[in-house]
Visitor: 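What follows is a structure written as structure tokens; I'll ask about it next.
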Amino acid sequence: MWTSSRRALIFTLLMLSGVRSVGLRLLSMEAPSYVSGTHSTAFVTCPNMEEAKKIARAAVQKQLAACVNIIPQITSIYQWEGKIEEDNEVLLMIKTRTSKVSDLAAFVRSIHPYDVAEVISLPIDQGNPPYMKWLSQAVPE
């Protein structure tokens, strides 16, 4: 491994010589690698933008989510109580720690207006190491 002063010297020399992209790649190779499945993306459908923002903001404030993307105007077709339904909804894409998915799901169920709230998750296999590090910091164990 390189010492921090050696990394700094190489970084400075590469930046000064105009080879910025090479310097950044060398430093990114030094970043710790991501362990597949450490984080997950959870998906939650909401009836409207107001509910979506309420749930998203609260999840981030409670540190159950690092980031929530709100995807407007989706159409959901599903079976409910023996009938085929079609509704316009809003989708939340929630980035969190895999270890926090159960807590996140319980929280969503507690404030969601639907009788049966959709809360499903998928593990994140790969990601940009600095982003994944930030995600870990934003959602503590």
Side-chain angles (χ1 to χ4, degrees), residues 1-16 18-141:
M1 294 303 275
W2 296 347
T3 65
S4 61
S5 60
R6 188 174 198 168
R7 275 195 310 261
L9 176 63
I10 290 171
F11 178 75
T12 302
L13 290 173
L14 289 170
M15 292 306 219
L16 290 175
V19 191
R20 183 175 188 268
S21 64
V22 173
L24 293 174
R25 283 187 192 182
L26 282 173
L27 286 178
S28 70
M29 290 168 48
E30 285 288 304
S33 61
Y34 174 69
V35 177
S36 177
T38 302
H39 301 98
S40 288
T41 300
F43 298 93
V44 175
T45 51
C46 299
N48 56 52
M49 186 61 77
E50 182 182 335
E51 287 293 330
K53 285 182 179 180
K54 180 179 92 174
I55 293 169
R57 186 167 272 103
V60 172
Q61 286 173 340
K62 291 182 173 297
Q63 295 184 316
L64 294 171
C67 174
V68 181
N69 301 112
I70 301 175
I71 304 167
Q73 300 176 342
I74 65 166
T75 301
S76 296
I77 300 172
Y78 56 96
Q79 185 176 11
W80 181 252
E81 297 179 345
K83 293 175 23 186
I84 302 297
E85 302 284 346
E86 182 174 324
D87 286 313
N88 293 321
E89 294 183 297
V90 177
L91 180 65
L92 301 180
M93 188 170 75
I94 304 169
K95 276 73 76 186
T96 189
R97 285 182 182 269
T98 300
S99 63
K100 293 291 186 177
V101 170
S102 293
D103 293 341
L104 174 67
F107 169 71
V108 169
R109 287 191 310 270
S110 76
I111 66 168
H112 203 287
Y114 290 167
D115 291 337
V116 179
E118 175 185 0
V119 184
I120 59 174
S121 71
L122 298 169
I124 297 172
D125 182 44
Q126 296 182 29
N128 177 23
Y131 181 85
M132 304 316 281
K133 180 180 178 184
W134 167 79
L135 202 162
S136 292
Q137 293 167 343
V139 181
E141 284 287 351

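Values reported hereafter were calculated over all heavy atoms of this structure, with side chains retained and with hydrogens, waters and symmetry mates removed.
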Visitor: Specify the closest pair of heavy atoms between Val44 and Ile94, including all atoms of both residues, with the distance to one decimal.
Guide: CG2-CD1, 3.8 Å
Visitor: Are side-chain heavy atoms of Thr75 and Glu86 found at a separation under 4.5 Å?
Guide: yes
Visitor: Tell me every residue that passes side-chain hydrogen bond (donor to acceptor under 3.5 Å, both in side chains) with Glu118, counting only those two or more places apart in sequence or in another chain.
Guide: Thr45
Visitor: Shortest non-hydrogen contact from His39 to Tyr34?
Guide: N-OH, 2.9 Å
Visitor: For a 4.5 angstrom cut-off between non-hydrogen side-chain atoms, does Thr41 reach Met93?
Guide: yes
Visitor: Among residues at least two apart in sequence or on other chains, which ones pass side chain to side chain contact (heavy atoms under 4.5 Å, CB included) with Ser102?
Guide: none
Visitor: Do you know which two heavy atoms are closest between Ile55 and Phe107, and how far apart they sit?
Guide: O-CE2, 4.2 Å
Visitor: Which residues pass the side chain to side chain contact (heavy atoms under 4.5 Å, CB included) test with Glu141, sequence neighbours left out?
Guide: Arg97, Ser99
Visitor: Which pairs count as side-chain hydrogen bond (donor to acceptor under 3.5 Å, both in side chains) when at least one residue sits in residues 119-132, sequence neighbours excluded?
Guide: Ser36-Asp125
Visitor: Among all residues two or more places apart in sequence or in another chain, which pass the side chain to side chain contact (heavy atoms under 4.5 Å, CB included) test with Thr98?
Guide: Ser40
Visitor: Supply the atom-to-atom distance Leu135 CG to Thr38 OG1, rounded to the nearest 0.5 angstrom.
Guide: 10.0 Å
Visitor: Would you please name every residue forming a side-chain hydrogen bond (donor to acceptor under 3.5 Å, both in side chains) with Asn88, sequence neighbours left out?
Guide: none
Visitor: Could you list the residues that satisfy salt bridge (Lys or Arg N to Asp or Glu O under 4.0 Å) with Glu81, not counting sequence neighbours?
Guide: none
Visitor: Could you list the residues that satisfy side-chain hydrogen bond (donor to acceptor under 3.5 Å, both in side chains) with Tyr78, not counting sequence neighbours?
Guide: Asp87
Visitor: Side-chain donor-acceptor contacts of residues 59-74 below 3.5 Å, not counting sequence neighbours, with atom names and distances?
Guide:
from  : atom 1 : to    : atom 2 : distance (Å)
Asn69 : OD1    : Lys95 : NZ     : 2.1

Visitor: Taking only residues two or more places apart in sequence, or in another chain, which ones meet Phe43 in a ring-ring contact (aromatic ring centres under 6.0 Å, His included)?
Guide: none
Visitor: For residues 103-115, which residue pairs qualify under salt bridge (Lys or Arg N to Asp or Glu O under 4.0 Å), counting only residues two or more places apart or in two chains?
Guide: none
Visitor: Please report the shortest heavy-atom distance between Pro140 and Lys100, naming the atom on each side.
Guide: O-CE, 3.1 Å
Visitor: Please list, chain by chain and in numerical order, all residues satisfying side-chain hydrogen bond (donor to acceptor under 3.5 Å, both in side chains) with Lys54, sequence neighbours excluded.
Guide: Glu51
Visitor: Looking at every non-hydrogen atom in both residues, tell me the closest pair between Pro47 and His112 and how far apart they are.
Guide: CD-CE1, 4.2 Å
